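First comes the structure, then the notes that go with it.
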Amino acid sequence: MAMGEHMLTVRDYDLAATLDSGQAFRWQRQGTAWTGVIDRCWVRLEAVPGGIRAQTAVPMTDWQWLRDYLQSEVDLATVWRTFPADPPMLAAMAACPGLRLLRQDPWECLVSFMLSATKQIVQIRQIIARLCERHGTVVAVPGGAPPAHAFPKAGQLAALSEAQLRDCKMGFRAPNVLAAARRVEAGEFDLERLRTLPLAAAREELMRLAGVGGKIADCVLLFAYGFNGAFPVDVWIKKALQELYFPRRRAPDKRLQRFAASHFGEHGGYAQQYLFHYMRTRKPPGGGGRKAG
DNA sequence: TACCAGGAGAGCG
DNA sequence: CGCTCTCATGGT
């Protein structure tokens, strides 16, 4: 069967770190390659000298959708220049220079992070995998590849019962996901309109959804809409800011929030991803620590 | 076993 | 404003 194949020319791109850094939850490693589904399209990606090799199940004439998702046309050096040049930030950048932000679909990103509340990343992946397998549309895959599914559209989830969602192990998050799906499907909540709003207004709008507070809203603004000023503060970032920037006094959440919003510049959310990845992957001090992920 | 996880929201002082 | 509790589930 005819596949699509393309070579993305890009430097400063750590594909593995980017796809496995807790911003997207559907990518699966297969040796040196990664397979996933973007919109309704199965994709296989592999880092090669000079860039990224991409394969799809069906031939493609235009690959802009993939460059958009991977944000491969972003000049990282320009982003780095806006980061504060303090020791913690330099260490986080040195630990993973090719880490990037993706540009994901807003609906998938919103639901994914609604499901992330008090869950470990491995568990978030499991819930989403179950949700897609049971309720997402089957997509074309190359011969020999395991079956794959698109992320369920709002309309598909809106038609389900709360019990069906709970069967995907999402627990107390189920009614919130269902309510969001029904509001989006009814056209009462317009995810596309958020693109036209300034950051603060888009954030307020997202937080009107039950189960979406400031942290989840910031994740969606950053990972789906490209508001690079959005700075999600989760338990890892709290730990990072506390240990790296306030080492000898306990800083209350409020103070950490203010620091996060003011210290990291116009691409603060990007800086946040470097700190997040740094904290999750660095060797635990003193040994005997747990491994993240 | 006990604790915790890329939280949110309500109740209370 | 602050703190505390609950929600559901499973990894370590």
Side-chain angles (χ1 to χ4, degrees), chain A residues 17-27 92 96 99-102 104 108-131 134 161-180 183 203-225 227-228 230-244 250-258 260 264 268-284 286-293:
Chain A
T18 299
L19 298 181
D20 196 29
S21 61
Q23 45 179 328
F25 302 98
R26 297 250 283 148
W27 291 98
C96 190
L99 179 63
R100 293 188 180 235
L101 292 180
L102 301 169
Q104 303 180 57
E108 173 170 348
C109 191
L110 171 64
V111 174
S112 296
F113 280 94
M114 288 179 77
L115 296 175
S116 76
T118 48
K119 279 294 177 192
Q120 296 182 144
I121 290 178
V122 278
Q123 295 177 281
I124 302 168
R125 284 207 192 94
Q126 290 170 1
I127 297 169
I128 292 173
R130 224 175 249 112
L131 183 67
R134 295 188 182 183
S161 67
E162 183 180 321
Q164 284 176 295
L165 291 178
R166 282 182 182 266
D167 282 344
C168 298
K169 307 302 181 187
M170 62 177 74
F172 61 83
R173 306 155 194 83
N176 293 335
V177 170
L178 186 56
R183 290 184 64 181
R203 189 172 193 263
E204 277 184 35
E205 197 67 18
L206 281 170
M207 289 176 67
R208 291 173 53 200
L209 294 169
V212 179
K215 190 269 172 181
I216 292 176
D218 284 337
C219 285
V220 179
L221 293 169
L222 184 61
F223 301 141
Y225 291 99
F227 283 104
N228 280 9
F231 196 111
V233 178
D234 74 325
V235 290
W236 287 97
I237 290 298
K238 282 180 192 171
K239 205 175 308 176
L241 298 181
Q242 177 70 60
E243 288 180 17
L244 301 174
R250 211 193 88 63
D253 284 6
K254 182 89 176 177
R255 176 141 178 71
L256 296 180
Q257 291 280 359
R258 266 191 292 117
F264 294 95
Y270 228 110
Q272 172 273 157
Q273 196 65 14
Y274 278 79
L275 291 172
F276 179 80
H277 190 262
Y278 178 53
M279 290 301 285
R280 284 216 322 134
T281 55
R282 73 174 181 173
K283 196 167 57 173
R290 63 183 58 66
K291 185 180 162 300

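All chains are named by letter (A, B, ...) in the order of the sequence lines, taking the proteins before the strands, and each is independently numbered beginning at 1. Model, not experiment: these values are computed from the prediction.
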Task: Partners passing ring-ring contact (aromatic ring centres under 6.0 Å, His included) against A:Phe231 (at least two apart in sequence or in another chain) - done: A:Phe264
- [ ] Report the distance from atom NE2 of A:His277 to atom CG of A:Leu275, rounding to the nearest 0.5 Å.
- [x] 12.0 Å
Open item on the list: Check this for me: does any side-chain nitrogen of one of A:Arg125 and A:Asp20 sit under 4.0 Å from a carboxylate oxygen of the other?
Closed with: yes
Task: A:Tyr270 side-chain N/O to A:Leu101 backbone N/O, donor-acceptor pair under 3.5 Å - done: yes
Task: Same-atom distance (P) from C:dC5 to B:dC3, integer angstrom - done: 14 Å
- [ ] Pick base, sugar-phosphate or nothing for A:Ser21, based on heavy-atom distances below 4.0 Å to the nucleic acid.
- [x] base
Task: Heavy-atom neighbours of A:Glu162 CD exceed 12 at 6.0 Å - done: yes
TODO: Would you mind reading off the distance between A:Leu115 atom CG and B:dG6 atom P, rounded to a whole angstrom?
DONE: 14 Å
Please list, one pair per line, the donor and acceptor atoms closer than 3.5 Å that link side chains of residues 169-177 of chain A to other protein atoms, with sequence neighbours excluded.
residue, atom, partner, partner atom, Å
A:Arg173, NE, A:Ala117, O, 3.0
A:Arg173, NH1, A:Met170, O, 2.9
A:Arg173, NH2, A:Ala117, O, 2.7
A:Arg173, NH2, A:Thr118, OG1, 3.4

TODO: Taking side chain to side chain donor-acceptor pair (under 3.5 Å) as the test, write out the residues that go with A:Arg258, two or more places apart.
DONE: none
Open item on the list: If I take atom CZ in residue A:Arg280 and atom C1' in nucleotide B:dC4, what distance separates them, rounded to the nearest angstrom?
Closed with: 15 Å
Task: Rounded distance (Å) that lies between atom C1' of B:dG7 and atom CD1 of A:Ile124 - done: 11 Å
Under 3.5 Å between N/O atoms: give me all the protein pairs with nucleotides 9-13 of chain B, atom names plus distance.
residue, atom, partner, partner atom, Å
B:dG9, OP1, A:Gly211, N, 3.0

- [ ] Determine the Euclidean distance between corresponding P atoms of C:dT4 and B:dC4; express it in Å to zero decimal places.
- [x] 14 Å
Open item on the list: Measure CE/A:Met114 against P/B:dA5 and give the value in whole Å, please.
Closed with: 21 Å
Task: Base versus backbone protein contacts along nucleotides 5-11 of chain C [heavy-atom cut-off under 4.0 Å; B, S, -] - done: --BBBBS
Open item on the list: Classify A:Phe25 by what it touches in the nucleic acid, base, sugar-phosphate, or nothing, heavy-atom distance under 4.0 Å.
Closed with: nothing
- [ ] Answer yes or no as to whether B:dG6 has its base stacked against A:Phe113, where stacking requires a ring-centre separation under 5.5 angstrom and planes under 30 degrees apart.
- [x] no
TODO: Using the P atom on both, measure C:dT6 against B:dG6 and round to a whole Å.
DONE: 22 Å
What donor-acceptor contacts under 3.5 angstrom involve side-chain atoms of residues 206-225 of chain A, with partners at least two apart or in another chain?
residue, atom, partner, partner atom, Å
A:Arg208, NH1, A:Glu205, OE1, 3.4
A:Arg208, NH1, A:Glu205, OE2, 2.9
A:Asp218, OD1, A:Arg203, NE, 2.7
A:Asp218, OD2, A:Arg203, NH2, 3.1
A:Tyr225, OH, A:Leu191, O, 2.7

Open item on the list: Between C1' on B:dG7 and CZ on A:Phe231, what's the gap in Å once rounded to a whole number?
Closed with: 17 Å
Open item on the list: Expressed as a whole number of angstroms, how long is the span from A:Ile121:CD1 to B:dA5:P?
Closed with: 12 Å
- [ ] Using whole Å, report how far CG of A:Leu110 lies from C1' of B:dG6.
- [x] 15 Å
Open item on the list: Just the rounded figure in Å: distance from C1' of B:dA8 to CG of A:Asn176.
Closed with: 8 Å
Task: Nearest listed nucleotide, side chain of A:Ile216, among C:dG2, B:dG6, B:dA8 - done: B:dA8
TODO: Check for a donor-acceptor pair, side chain of A:Gln257 on one end and backbone N or O of A:Lys254 on the other, with a separation under 3.5 Å.
DONE: no
TODO: Examine distances only and state if a side-chain atom of A:Gln23 and a backbone atom of A:Arg100 form a donor-acceptor pair shorter than 3.5 Å.
DONE: yes
